[in-house]
Participant: 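Handing you this structure, nothing more for now.
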Amino acid sequence: AASDVYKRQPVQGADGVDVCGNILPGRMGVDANLQPGTGVEVTENGIEYRSIIAGILEVQAKSIRVIPGLYIATDVGPKTGNIHGAAAQVFIKGGVFPDFEVTSDADISVEKDIEACRVVSKGVLKVRGGIIGKNKGFFYSKNLLEANYITAGAVVECEGNISIRSEILNSKITTGGVLVCEEGAGAIVGGEVFAFRGLKAKVLGASGAETQTIIHLGENIFELREAEKEVREKGIAKQIEDLKEKLRPITAELKTIYDSIAEVSKNNLQEGQKLQAEYRRKFDQRQELASQLDEFLKQRDEIIQKVPLFK
């Protein structure tokens, strides 16, 4: 529904008095001259500004606009249920409780902690508090992810850069850009990090820590996933698994036959010759399947090798 904002006309200011008791004439006010932006139209009198879309009002020094979005004035939890913003930005004044979900095709901003939940943004994800995984939380951003800290087994992924103000503890971090953790403690301790274009931190790991700190640089995980998806969609992965499944019993049979040939031949030469013929038949069958497997493995490797490595 449309809503209105009214701009006050400038008026004459009241007179004042200086320290000597002299009258200081009031000044005439200056027109704010707000320019209507996205989602706003202004009436002919220049005083009434009307929103023409649903969203969040933003008033700046010289402009007024309505941002398509959802404003959640509390925590996301039992009272609100899951939040699915679709194309709208999502602004959350509180945090996100465990086991709840927030998604948007645009940006998501959260003022407090997000904990053991699922938050997915196809734009920018900004968290003024921390990201707490509790070994089940998943947090994703397409373009940029910012937070105060990450801890407790959080799985955090961003195809762009990740900027963390304080520390990252015992979590799995994947970025297609650069991971930055330089303010405050600036520590990355425990867990696993995949940073395609590198990382910046004050501290990596800690002596005596219960868990290892594993760092991978230059691996483009997101493009690698797309390549693996292509392998699956072309049926190459299934062919590889099917051929391996067929080869396992044949390989076992070949070993059994080979181990029996000498003993059987001692007792019955004719039976031994039959086993040798069976061995050759099974061997040729295995060679044919192995050749097919090699071809599909080659096709898979050609797709995977197209994924660029950062140098």
Participant: Within a 6.0 Å radius of atom CZ on Arg248, are there more than 12 heavy atoms belonging to other residues, nucleotides or ligands?
Facilitator: yes

Participant: If you define the side chain from C-beta out and look only at heavy atoms, does anything of Ile131 sit under 4.5 Å from Val119?
Facilitator: no

Participant: Do you reckon Ile108 sits in the same ILVMFWY cluster as Ile132, going by side-chain contacts under 4.5 Å, direct or chained?
Facilitator: no

Participant: Start with the C-alpha gap between Arg118 and Thr103, add the side-chain angles, then the distance that decides, and say whether side chain to side chain contact (heavy atoms under 4.5 Å, CB included) holds.
Facilitator: CA-CA 8 Å; Arg118 184 173 182 269; Thr103 65; 3.9 Å; yes

Participant: Is any side-chain heavy atom of Ser171 closer than 4.5 Å to one of Val156?
Facilitator: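 Of all side-chain heavy-atom pairs linking Ser171 with Val156, none is under 4.5 Å.
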
Participant: Answer yes or no: is there a side-chain heavy-atom contact under 4.5 Å between Arg286 and Thr251?
Facilitator: yes

Participant: Does Lys126 NZ have over 12 foreign heavy atoms under 6.0 Å away?
Facilitator: no

Participant: Same cluster or not: Leu169 versus Ile214, using hydrophobic residues (I, L, V, M, F, W, Y) connected whenever any side-chain heavy atoms lie under 4.5 Å apart?
Facilitator: no

Participant: Pair Glu159, Tyr140 - check side chain to side chain donor-acceptor pair (under 3.5 Å), show working.
Facilitator: CA-CA 9 Å; Glu159 297 187 38; Tyr140 168 86; 2.5 Å; yes

Participant: Counting only heavy atoms not in Arg225, do more than 12 sit closer than 6.0 Å to its CZ atom?
Facilitator: yes

Participant: Might you confirm whether atom CD of Gln270 has over 12 heavy atoms from other residues, nucleotides or ligands at distances under 6.0 Å?
Facilitator: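 Incorrect, the count does not exceed 12.
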
Participant: Counting only heavy atoms from other residues, nucleotides and ligands, does the tally under 6.0 Å from CZ of Arg165 exceed 12?
Facilitator: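 Counting neighbours around CZ of Arg165, more than 12 heavy atoms of other residues, nucleotides or ligands fall under 6.0 Å, so yes.
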
Participant: With a 4.5 Å limit on heavy-atom distance, are the side chains of Asp113 and Tyr149 in contact?
Facilitator: yes

Participant: Does a side-chain heavy-atom distance below 4.5 Å link Glu219 with Val307?
Facilitator: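 The answer is no, as the side chains (C-beta and beyond) never meet within the 4.5 Å cut-off.
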
Participant: Group every Ile, Leu, Val, Met, Phe, Trp and Tyr by side-chain heavy-atom contacts under 4.5 Å, then state whether Phe196 and Leu224 land in the same group.
Facilitator: no

Participant: Would you indicate whether Glu210, at its atom CD, is surrounded by more than 12 heavy atoms from other residues, nucleotides or ligands within a distance under 6.0 Å?
Facilitator: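 For Glu210, atom CD is not crowded (no more than 12 foreign heavy atoms under 6.0 Å).
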
Participant: Mind checking whether Ser121 and Phe139 have side chains closer than 4.5 Å, heavy atoms only?
Facilitator: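 Answer no - side chains too far apart.
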
Participant: Are any of the side-chain heavy atoms of Thr74 and Thr80 separated by less than 4.5 Å?
Facilitator: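 Yes, their side chains come closer than 4.5 Å.
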
Participant: Test of understanding: clusters of I, L, V, M, F, W, Y form through side-chain heavy atoms closer than 4.5 Å, transitively. Do Ile67 and Val59 belong to the same one?
Facilitator: no

Participant: With side chains defined as the heavy atoms from C-beta onward, is the minimum distance between Lys298 and Glu302 less than 4.5 Å?
Facilitator: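 When only atoms from C-beta onward are counted, Glu302 and Lys298 do touch, with a gap below 4.5 Å.
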
Participant: To the nearest 0.5 Å, how far apart are CD1 in Ile150 and CD1 in Ile164?
Facilitator: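 It comes to 3.5 Å.
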
Participant: List the steps and the verdict of salt bridge (Lys or Arg N to Asp or Glu O under 4.0 Å) for Arg280 and Asp284.
Facilitator: CA-CA 6 Å; Arg280 285 193 294 270; Asp284 290 343; over 6 Å; no

Participant: Indicate, with yes or no, if Val110 and Val124 share a hydrophobic cluster defined by side-chain heavy-atom contacts under 4.5 Å among Ile, Leu, Val, Met, Phe, Trp and Tyr.
Facilitator: no

Participant: Taking salt bridge (charged side-chain N to carboxylate O under 4.0 Å, His left out) as the criterion, tell me which of Lys7, Arg8, Lys62 meets it with Asp31.
Facilitator: Lys7

Participant: Take a 6.0 Å sphere around NZ of Lys202 and say whether it holds more than 12 heavy atoms from other residues, nucleotides or ligands.
Facilitator: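 Yes, because the 6.0 Å sphere around NZ of Lys202 holds more than 12 heavy atoms from other groups.
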
